[in-house]
Structures are given as structure tokens and as C-alpha cells.
Protein chains: 2
Amino acid sequence: MKDEVSQCRVEEALEIVVGKWKPVIILYLLHEGTKRFSELKRSMPGITQKMLTKQLRELEEEDIIQRVVYPQVPPKVEYSMTDYGRTLSPILEAMHEWGTQHVLHKKTLESVEKQA
Amino acid sequence: MKDEVSQCRVEEALEIVVGKWKPVIILYLLHEGTKRFSELKRSMPGITQKMLTKQLRELEEEDIIQRVVYPQVPPKVEYSMTDYGRTLSPILEAMHEWGTQHVLHKKTLESVEKQA
DNA sequence: TGGTATAGTATCCTAAAAGATACCGTCAGG
DNA sequence: CCTGACGGTATCTTTTAGGATACTATACCA
């Protein structure tokens, strides 16, 4: 395990997961299973159609999610995690956990600063 | 655990850890312990002084690393993980692991595509 | 007297991510 | 015949991240 700095692979995982919307999409699909495009959009207030499409395409490209198109009108497209995508679950959950703690930790820091 | 989408805290953890340099800095300090500014810089080829300073300040701000200035000339400043910062370790290691696997997975996908 | 080492700042610039907005095709139902 | 639902594209603008470059202070050493 020498020279871990130059061979840091954290970035590879990070790339998949970063962004304003990707973690939300992944957690949502992990917890809720298969969802339609419109359901995803409704559950993410503030996201634009373009952004959602882009994020979904990128996740699909990396084999994290699966896209199934039903040939009907109006269109129906369903998204779900792939088996491979589900391997991200521990990381996402760990970050969610840590993040929840971190919100508290920051409050603690703030109140310490106020006293000083 | 309802409505996890709107209360997604992954972003909180992600913010700490994202960027071209932050994961590298954190992993380095986790593995190598206390390091001087110049040592950090040397171990990260390509980083500019400005960037390194900025990343370190931000990590310090979030209580992830500790900055100790020795009042001497030329200056000596040492950086190390805080106890709190070390709680990121499982996440970083998990991402490093996953990232390493992901590099292989991508190669598999590519060769499958070539066959088709 | 001038150069070197260390740990920075201060400006300016580019590239990438994100967002706003408008548009598209098509079938069913009124 | 017109409207709405659905799942998109196509442009354009704004915001943010990152990088290049030049500058700083000060003690020490030759």
C-alpha cells in the first residue's frame, strides 16, 4: 500500500456520486426501487428536466442505474439501480450517517465559538 | 425514515470530501500523520500553493484537520487530522476500495461493448 | 549585501457545472 | 381539432472550481 497518494482511487468513486443531484437520485432509487422519470422529478423539487436527464444518463453510462423504455404514448420510462449500482449503498449510507452527525457537530462548534 | 430525499445528508459529507485535492490531502494525513505544508505540497505534484492553502483552510474550518504554526523563521506549519476528521476514515477507505474495483468494472464493460 | 527557504496573498483567467427557458412528438380524451 | 401528459432536446447565461503567475515577510548564511 505504498504511494497511496498518487494512486488515490477515491476520485473514481467520488465522480460517480458527486453533484447536487446524483446522491439524491441514488438514495431515492436505493430506498424506493423502480421509479418513473416524472416520479423522480416530482421528488426532487428544484431540479430541471435537463439536469435530471443529464444525471440519469451519466449514471446509466456508468452502469449504476438501469433505464427501461416502454414503447407507449405518452412515454413511460423507468429507472432502477443495477446490481452494480447497489454496491454503492454502504458508501452512500455511511455518508448520510456522517452527514447527519456533522450537522450536529457544526452546531457544537458554533456554540463553542460564541462562548469565546 | 420517511422522506429521505428531502433530508438527504449525503451532501454534507460530500462537501467536506469533494474536490480534486481534498481526498488526497485527507488520505495522506490519515496515513502519514502530521505533515508540514511543504511536505504536503511536494507529495501532490501539480497543486499550486494557492489551491493547497485554500483546501487546507477549508478542511480546518470544518474541524477535519488541525493547523499548528511554529513561530520561527522560515515559518513552520504542521497539519494533522483531528479526532473528528479521523471519523471520515471509513468513508474514504470505502471509496478508495470501491474506486479501485470500479476501474476494473469499467474495463469489463468496455470489453463487453467491443464484442457487441 | 544578496540569495534562500518557508508559508503564505493577491490578481487575473479558463473551464466545467448548473440553471433558465423554450421547444418537440404523439396518442387519448373531450 | 385542441389540449394535456410524458419524457425528453437545444440554447443561452450564470456560477463555481480550479489554475497561472507574481508578489510578500523575515531570519539565516555565505
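Chain naming here is simple, since letters A, B, ... match the order of the sequence lines and numbering starts at 1 in each.
Residues Thr48(B) and Lys41(B) share a closest heavy-atom pair of C-CE, 4.4 Å.
A donor and an acceptor atom, one from each side chain of Glu62(B) and His102(A), are located under 3.5 Å apart.
Side chains of Met95(A) and Pro23(A) form no contact here, defined as non-hydrogen atoms less than 4.5 Å apart. You'll find the side chain of Leu29(B) stays beyond 4.5 Å of the side chain of Thr34(B), heavy atoms only. Side chains of Lys35(A) and Tyr79(A) form no contact here, defined as non-hydrogen atoms less than 4.5 Å apart.
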Check your understanding: Can you check side chain to side chain contact (heavy atoms under 4.5 Å, CB included) on Lys20(A) and Ile47(A), steps first, answer last?
Key -> CA-CA 9 Å; Lys20(A) 192 165 169 184; Ile47(A) 198 170; over 6 Å; no
Review point. Between Arg9(A) and Glu12(A), does a salt bridge (charged side-chain N to carboxylate O under 4.0 Å, His left out) hold up when you go through it step by step?
Key: CA-CA 5 Å; Arg9(A) 295 290 183 214; Glu12(A) 312 280 339; 3.7 Å; yes
Exercise for review: Decide side chain to side chain contact (heavy atoms under 4.5 Å, CB included) for Leu14(A) and Leu14(B); before the verdict, give the C-alpha distance in whole Å, the side-chain angles of both, and the deciding distance to 0.1 Å.
Suggested key: CA-CA 8 Å; Leu14(A) 225 38; Leu14(B) 224 38; 4.1 Å; yes
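At dG7(D), one or more side-chain N or O atoms of Arg36(A) fall inside 4.0 Å of OP1 or OP2 (strictly under the cut-off). Using a 4.0 Å cut-off, no side-chain N or O of Arg42(A) falls inside it from OP1 or OP2 of dG7(D).
For the pair Phe37(A) CZ and dG8(D) C1', the computed distance is 7 Å after rounding to whole Å.
Against DNA chain D, the stretch residues 47-66 of chain A makes heavy-atom approaches under 4.0 Å through Gln49(A), Lys50(A), Thr53(A), Arg57(A). At a non-hydrogen distance threshold of 4.0 Å, Gly19(A), Lys20(A), Trp21(A) from residues 11-21 of chain A come into contact with DNA chain C.
Both Val69(A) and Phe37(A) belong to a single network of hydrophobic side chains, linked directly or stepwise wherever heavy atoms of I, L, V, M, F, W or Y lie under 4.5 Å apart.
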Show me the donor-acceptor pairs within less than 3.5 Å that the side chains of residues 52-61 of chain B make with the rest of the protein, sequence neighbours left out.
residue  : atom : partner  : partner atom : Å
Thr53(B) : OG1  : Gln49(B) : O            : 2.8
Glu58(B) : OE1  : Lys22(B) : NZ           : 2.6

List, with names and distances, any nitrogen or oxygen atoms from the protein found under 3.5 Å away from nitrogen or oxygen atoms belonging to nucleotides 1-3 of chain D.
none

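Of the two residues contacting DNA chain C, namely Gly46(A) and Val77(B), the nearest-nucleotide position lying further toward the 5' end is that of Val77(B).
A donor-acceptor contact shorter than 3.5 Å is absent between the side chain of Thr87(A) and the backbone of Asp83(A). At distances below 3.5 Å, at least one donor-acceptor pair connects side-chain atoms of Thr82(A) with backbone N or O atoms of Ile64(A).
Within 4.0 Å (heavy atoms only), Tyr79(B) reaches sugar-phosphate atoms of the nucleic acid but no base atom.
Residue Tyr70(B) belongs to a hydrophobic cluster whose other members are Val68(B), with links defined by side-chain heavy atoms closer than 4.5 Å.
Nucleotides of DNA chain C with any atom under 4.0 Å from a heavy atom of chain A span, from 5' to 3', dA18(C) to dC27(C).
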